[in-house]
Protein chains: 2
Amino acid sequence: MAARTQALSRERIVGAAVELLDAAGESGLTFRALSAQLRTGPGAIYWHVANKDELLIAATDAVLAPALAVGGADDTPQEAIRAVAVAVFDAIDGHPWIGSELSRASLQPAMLRIFERIGRQVQALGVPVAAQFAAASALRNYILGVGVQNAANARAAQPGADRTELLETAAGVWASLDPGEFPFTRAVAGQLSGHDDRVQFLDGVDLILAGIAGLRPPQ
Amino acid sequence: MAARTQALSRERIVGAAVELLDAAGESGLTFRALSAQLRTGPGAIYWHVANKDELLIAATDAVLAPALAVGGADDTPQEAIRAVAVAVFDAIDGHPWIGSELSRASLQPAMLRIFERIGRQVQALGVPVAAQFAAASALRNYILGVGVQNAANARAAQPGADRTELLETAAGVWASLDPGEFPFTRAVAGQLSGHDDRVQFLDGVDLILAGIAGLRPPQ
DNA sequence: ACCTGAACACCGTTCAAGT
DNA sequence: ACCTGAACACCGTTCAAGT
């Protein structure tokens, strides 16, 4: 069968939006570019999607929802939390625009999914009910903070750069700061360029998990 | 002396930008609105500021730098870290646009200031050198995550709403989620509307501080 | 019900021309 | 050195008109 123009649908629109965002970043997604790729007019998209915000939220969820389907049934709660954290980290690494998008709407489905996944494991850890909300929030906020930070790093650099190059650049800026005003930041600049930020991200998760462990009543 | 048109300057431009952002949010800052308020043409601003990104970074730093000048000399490291965290939290509460802006550029001065302040206190806590970077990063990432989240909440609601109203709205959404898919989020929805999110923010800081305490070698 | 594409009301940014 | 403001190259979104 010959290739034929497919009918427009919300799914096709969201899929094309993800492609544009991956290929050209946040500024690459315009209704004109999107409608050109879909071989239609810009107005057609509005029949399936209310506006650009809704499109961005849908694109974020389309990438994150499958990424969050990780972790075996026999994981410990700590392992399951690390698995969620790594899934979000890697999704943002592969699609930096997600990092900025997650920070635009707090009740978007992707954010709720992350919170829910973490919260169940916090329950499984035996954290008292009154402290579960704070514990799950702390983990989610940390993960969101790292993701946003990494997305900003990626946006600041040239499109092709990988994480190692980004860290080199940041290390250079840190090392050139005023020693009187930024002694600490300068002192740790060396660690920045050598380290694996994925490992350090998980160290931070473990730090919070260690704090959460202290919330558990003595058995 | 009669009021007279002041000469344009970077400071006046940044000050007017902060006023516009506070009054009308991120979408309120345009070069046309800004130049109208400064009684000049849009092109004049470009003599003092390279572009809109630089203007936003300068506006963020103009609000955060003085806010970070808190804390007495006799604070414990923990107290000093909490003071920095609260300063950032309150600055974002009063100027929600800062929350989004902080997430746009990782090497901007406001972000570096926060990291430096926290890092010095982490040193003072006696954390081993090799772990200082991870500890300071974890705290900064958590603070950034909360700030971004709160800014998103504020943007989602009507301009006048205070934090209590925002939480009520979120609690309503959470309570209406599918029980099969979101049991944890639904279960804690009740805690959301009753609690003080400023207190809970500090609970999260304490959680990380507790984890960091475990990094200290036994004396 | 769904698509078309011109038109509207904006943007950030540039730049020749002024003082 | 600094300011002016028209103009350029875009945006998101709407809507009459089509099928």
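In what follows, chains are A, B, ... by sequence order, proteins preceding strands, each numbered from 1.
Using bins of under 30°, 30° to 60° and over 60° for the plane-to-plane angle, the ring pair B/Phe31/B/Tyr46 lands in the parallel bin.
Nucleotide D/dT19 has C/dA1 as its partner under the Watson-Crick or G-U criteria, with both atom distances under 3.5 Å. Across all strands shown, C/dA6 forms a Watson-Crick or G-U wobble pair, both distances under 3.5 Å, with D/dT14.
Comment: A/Arg113 engages A/Asp61 in a salt bridge, judged by a side-chain N to carboxylate O separation of less than 4.0 angstrom. Salt bridge present: A/Asp206 and A/Arg82 bring a charged side-chain N and a carboxylate O closer than 4.0 Å. Using a cutoff of 4.0 Å between basic side-chain nitrogens and carboxylate oxygens, A/Arg10 and A/Glu54 are scored as salt-bridged.
Between the CG atom of A/Leu8 and the P atom of C/dC3 there is a distance of 5 Å, rounded to whole Å. In this entry the distance linking CD of A/Glu54 with P of D/dT13 reads 11 Å, nearest Å. At whole-Å resolution of the value, CG in B/Asn51 and P in D/dC10 are 18 Å apart. In this entry the distance linking CZ of A/Arg32 with P of D/dA9 reads 14 Å, nearest Å. Summarising the geometry, the separation between NE2 on A/His48 and P on D/dT13 is reported as 16 Å, rounded to the nearest angstrom. As a whole-Å value, the separation of A/Phe31 CZ from C/dC10 P is 18 Å. If you take CG of B/Asp53 and P of C/dC11, they are 17 Å apart, rounded to a whole angstrom. As rounded to whole Å, 14 Å separates atom C1' of D/dT14 from atom CH2 of A/Trp47.
If you check every strand for non-hydrogen atoms under 4.0 Å, B/Leu29 touches sugar and phosphate atoms only.
In terms of position along DNA chain D, the nucleotide closest to B/Ser9 lies nearer the 5' end than the nucleotide closest to the other residue of the pair B/Ser9 and A/Pro42. Comparing B/Gly43 and A/Gly41 by the nucleotide of DNA chain C that holds the closest heavy atom to each, the one mapping nearer the 5' end is A/Gly41.
Listed candidates were D/dC3, C/dC3, D/dT13. Nearest to the side chain of A/Ala44 is C/dC3.
B/Thr60 and B/Glu101 are not linked by any side-chain donor-acceptor pair at a separation below 3.5 angstrom, with hydrogens and angles left out of the test.
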